[in-house]
Amino acid sequence: MTLSPQPISIQPMSVPSSDVDFGAVIKDVDLENLPGSTPRIGNLPNHDFSLIRDALYKSHVVVLKNQASSSPKAQYELTHRFDPSAIGYGHGKTLDAKRSILHPDLKTVPHQPEVQIIGNGLVPEYEGLSNIKLVHPHHKKFHKHPIPEEDDLTHTRFYRWHIDAALYDLNPPMVTSLLAVSVPKGRRQTLRYDDGTGDELEVPLGTTAFVSGYKMYDILSDSDKEFVRSSRIEYAAHPYIWMSAAKSRSDGLGLVSDDLELPSSELPPIDSSKVQILPMVWKNPVTGQFALQMHPSAVRKIHLANGEVIDDLKTVREIVHRLQRPGISPKLVYAHDWEEGDMVLFNNQGVLHSVVGAFKEDEVRLFRQCNMAASEGPVGA
């Protein structure tokens, strides 16, 4: 990569025919070879990092262009710099559990264990791993009512709206980075909500979809804003094992209540001190804005301001879905059109995101993901 001598360029995202009001594009950053004597962590001068951090917390999704030459180490160092006290991958050792729904989707970079490899297809060799069989999460394995087989390559769904977080023992990461190494090209798909609204969205093949938790909060009624500011969510213990037999709604926003969750007796040992009870609303550390931040698939109980607890799982899910569904309307979704070398940083404590897409077997998609469990929990309203 040829280094540009000019300062880094930050431009707001332009998403035609939508109400998306977040996102920024940053050019002229070389994470491996930036010169100068400015004090730094890794290769990024403090001044440039401050600009990126400011852009992230004001724009929530930031695309660093032309990062194909960035190593896993550089990706880790950039991601870690948002929270220098964070240690270890954001899901900890959850991936060691074969029953976890996350287990098939991720491979660990041997020399940089905070960085995971995700994608689709067979990769002969990459970063010390050989003959990697990557499996792109497909909604037919997770949704209760999948799209018919004959429409599989032309239509798709939001797989699962979520926050990157273990939601048991470890704090939700502050920032996630995604680097596109190899991207299939050419096809687009029609994303269907299939929730009775008729909502659809045309998306690039294998897009990652983002919505703003800040917009999700802002469009609530005044009474709902008061409710979410004063209530907290209790998450299930070992949530990705707990939900392993359950199925998702067709819009990817939470699970159907069919009593398929695993009982405590079938989960790994539970330490009650590690069960997470988090605010519904998380405060932006730079702007002070409030984001409605809940992982809809992992919710278990709602703790109200008066001390009461809503513990009927179906009721909890209906409340959470009602609050979040307006925020995933088609005009509020940013579906990133990946180009090889794009490194997307997103404010994991301010946006929700979802895997999207259905691939042919020979369509190879290779990405790197990095996040770390935060050193402190999110701040509420």
Side-chain angles (χ1 to χ4, degrees), residues 90-106 135 137-147 157-173 193-196 228 231-280 292-304 308-325 328 352-355 373 377-378:
H91 283 279
K93 295 183 179 180
T94 302
L95 301 180
D96 295 340
K98 299 295 184 181
R99 292 179 297 165
S100 168
I101 62 172
L102 303 179
H103 176 73
D105 303 340
L106 300 163
V135 180
H138 193 294
H139 79 275
K140 69 183 176 184
K141 296 182 179 180
F142 186 57
H143 289 200
K144 182 174 182 179
H145 302 292
I147 290 172
R157 295 252 186 88
F158 299 120
Y159 176 74
R160 178 173 59 241
W161 286 107
H162 66 285
I163 305 161
D164 286 339
L167 297 171
Y168 176 79
D169 188 20
L170 302 174
N171 292 321
Y193 286 61
D194 286 334
D195 61 355
V228 299
S231 301
R232 296 178 297 157
I233 287 288
E234 179 176 329
Y235 289 96
H238 305 291
Y240 304 105
I241 301 173
W242 170 78
M243 70 174 75
S244 58
K247 298 297 181 181
S248 173
R249 294 174 179 263
S250 296
D251 58 11
L253 193 68
L255 303 179
V256 178
S257 295
D258 285 335
D259 295 322
L260 296 176
E261 296 75 24
L262 298 184
S264 298
S265 60
E266 295 184 24
L267 297 177
I270 296 172
D271 181 340
S272 60
S273 69
K274 296 180 179 180
V275 171
Q276 295 208 334
I277 304 175
L278 301 178
M280 283 188 173
L292 183 61
Q293 283 295 96
M294 299 180 287
H295 190 315
S297 295
V299 296
R300 181 61 191 86
K301 301 177 184 179
I302 296 176
H303 292 245
L304 303 178
E308 294 180 12
V309 177
I310 301 174
D311 60 5
D312 178 73
L313 183 55
K314 184 175 182 180
T315 300
V316 170
R317 285 174 171 159
E318 291 297 328
I319 292 171
V320 170
H321 189 268
R322 181 185 67 80
L323 292 168
Q324 290 187 312
R325 176 57 179 85
I328 68 164
L352 270 67
H353 66 286
S354 177
V355 170

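Computation of the quantities below employed the complete heavy-atom set of this structure, encompassing side-chain atoms and omitting hydrogens, waters and symmetry-equivalent molecules. In what follows, residues are counted from 1 in the order of the sequence shown.
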Any donor-acceptor pair under 3.5 Å from [X] side chain to [Y] backbone:
X      : Y      : value
Gln324 : Leu253 : no
Asp258 : Leu260 : no
His353 : Trp161 : no
Ser354 : Arg160 : yes
His143 : Tyr159 : yes

Quick one, [X] and [Y] - any side-chain contact, counting heavy atoms below 4.5 Å?
X      : Y      : value
Val309 : Leu304 : no
Ile241 : Glu266 : no
Leu167 : Leu278 : yes

For the student: nearest non-hydrogen atoms of [X] and [Y], plus distance:
X      : Y      : result
Glu318 : Arg249 : OE2-NH2, 3.0 Å
Arg317 : Ser257 : NH1-OG, 3.1 Å
Pro378 : Pro172 : CD-CD, 4.0 Å
Val275 : Ala237 : CG2-CB, 4.2 Å

**OP:** Look at Glu261 together with Lys314 and state whether they make a salt bridge at an N to O cut-off of under 4.0 Å.
**Re:** no
Original post:
In chain order, what residues pass the side chain to side chain donor-acceptor pair (under 3.5 Å) check against Asp312, with sequence neighbours excluded?
Top reply: Thr315
Original post:
Tell me the side-chain hydrogen bond (donor to acceptor under 3.5 Å, both in side chains) pairs involving residues 292-304, sequence neighbours left out?
Top reply: Glu234-His303
Original post:
Considering residues at least two apart in sequence or located in another chain, which fulfil the ring-ring contact (aromatic ring centres under 6.0 Å, His included) criterion with Tyr235?
Top reply: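 Counting only residues at least two positions away or on another chain, Tyr235 forms no ring-ring contact (aromatic ring centres under 6.0 Å, His included).
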Original post:
CD1/Ile328 to NE2/His321 distance, rounded to the nearest 0.5 angstrom?
Top reply: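 Spacing of CD1 (Ile328) from NE2 (His321) equals 6.0 Å.
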Original post:
What do you reckon, is CG of Asp271 surrounded by more than 12 foreign heavy atoms closer than 6.0 Å?
Top reply: yes
